[in-house]
Protein chains: 2
Amino acid sequence: MIRLGKLTDYGLVLMSQIARRPAAEMHTARDLAVECHLPLPTVSKLLKKLLHSGLLTSHRGIKGGYNLARESQLISLAEIIAALEGPLALTECSMEITGLCDLESLCPIKDNQRIISQVIRGALEKVTLSDLIRPMRLTAIRDQKGNLVPTVSVASGRMQ
Amino acid sequence: MIRLGKLTDYGLVLMSQIARRPAAEMHTARDLAVECHLPLPTVSKLLKKLLHSGLLTSHRGIKGGYNLARESQLISLAEIIAALEGPLALTECSMEITGLCDLESLCPIKDNQRIISQVIRGALEKVTLSDLIRPMRLTAIRDQKGNLVPTVSVASGRMQ
DNA sequence: ATAAAGAGTACTAGAACAGTACTATTTCAT
DNA sequence: ATGAAATAGTACTGTTCTAGTACTCTTTAT
């Protein structure tokens, strides 16, 4: 079951906002709430989740706040989403992967859900937080059938 | 807002089941329900949706049934999912793409949701129904950080 | 000591999904 | 012609889960 809810979107907005500022700066939940136009309790809750997943560091007390645990280029969208939505439906199968699929064994998939999760996950692994905050170029190409296919290309030239 | 619910999964199972059989065969909702172990009313509802989206053809009356509207290689997962979940959150931006982004104009994205939708959509566009029914090879590679990254490679050698 | 910030828990209202039932319409076979 | 089997369409309902909110405790710098 794959899902990107409103809260996850908020979480991404928050992470982007933190990433946009200099790395040394601390960010309080209150400030982030104002900057992102989100209710404070919601922001608090999200930041806590992101903290527990190891994507943020926190400092308590006055002059406290949150900051990125790693550089933004090292944080993938898949990680952020997993932190907020729970493991991206790769629960059971990822267990098997470590044991079986490393050996290129054939996987008798009956659940399509797994394939799809992995395709999506693969795509999200490739996009990092830093890709999200820099302006991206949106191009539309036509496939062999003549349909418009939107393509997201990052400034660095990497293709998704 | 991206979501793959239970019903969408059922829909994919149904499409796979139809695609697995010879193209000439007709498939009644009743048969598919039995074969896929799903309740008949649910199957009916899903098939109707898929029909309206142009992914299936139908024939009424006794000896009626459903069939694929196109060959399975020409039906992408994105299409099936869009048929069952509604347009994959690419509502507004895809409109703009036709006009602006074709010209490689810079897109001042404030909603991350759009980027993500497009990344995911791009990934799902590449996988077809025929990819889904043939056995796939699941491999796990390690990235530069040492994390396991599951990768789905199709028998044809195409990479996702 | 105090004020400001994060940490943790619990509760509530609302929406959306999933499932079901019922009826009409079409078509082939007898 | 008639009946059976199939799709087509609509409406309803219960349950689950999300989103939002409130309150209290702990930590830390001034």
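Order of the sequence lines sets the chain letters (A, B, ...), proteins ahead of strands, with each chain counted from 1.
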Check the pair Ile80(B) / Leu129(B) against side chain to side chain contact (heavy atoms under 4.5 Å, CB included), numbers first and verdict last. CA-CA 9 Å; Ile80(B) 301 175; Leu129(B) 188 56; 4.0 Å; yes
Any ion pair linking Arg70(A) and Glu79(A) (charged N to carboxylate O, less than 4.0 Å)? yes
So how far is it from Leu4(B) CG to Leu84(B) CG, rounded to the nearest 0.5 Å? 10.0 Å
Do the side chains of Met15(A) and Leu68(A) get nearer than 4.5 Å, heavy atoms only? yes
With the 4.5 Å side-chain cut-off for hydrophobic clustering, are Leu7(B) and Ile116(A) part of the same group? yes
Report, as a single string ordered 5' to 3', how protein heavy atoms within less than 4.0 Å touch nucleotides 24-30 of chain D: B base, S sugar-phosphate only, - not at all. --BBBB-
Between Leu84(A) (CG) and dC17(D) (P), how many Å, whole number? 19 Å
Between P of dT18(D) and CG of Asp9(A), the distance in whole Å: 16 Å
Result for side-chain contact (heavy atoms from CB on, under 4.5 Å) between Leu124(B) and one of Thr128(B), Val127(B), Ile120(B) points to Ile120(B)
Please list, by residue number, the residues of residues 25-58 of chain B whose heavy atoms come closer than 4.0 Å to an atom of DNA chain C; answer none if no residue qualifies. Pro39(B), Pro41(B), Lys45(B)
Does a nitrogen or oxygen in the side chain of Tyr10(B) sit under 4.0 Å from OP1 or OP2 of dC17(C)? no
Which atom pairs, donor and acceptor, lie under 3.5 Å between side-chain atoms of residues 33-57 of chain A and protein residues at least two apart or in another chain?
from: Glu35(A); atom 1: OE1; to: Gln17(A); atom 2: NE2; distance (Å): 2.9
from: His52(A); atom 1: ND1; to: Lys48(A); atom 2: O; distance (Å): 3.1
from: Ser53(A); atom 1: OG; to: Lys49(A); atom 2: O; distance (Å): 3.0
from: Thr57(A); atom 1: OG1; to: Asn67(A); atom 2: O; distance (Å): 3.4

Starting at atom CG of Leu4(B), determine the distance to atom P of dC17(C), rounded to an integer number of angstrom. 12 Å
Kindly write out the residues that satisfy side-chain contact (heavy atoms from CB on, under 4.5 Å) with Thr28(A), not counting sequence neighbours, or none if the list is empty. Arg30(A), Asp31(A)
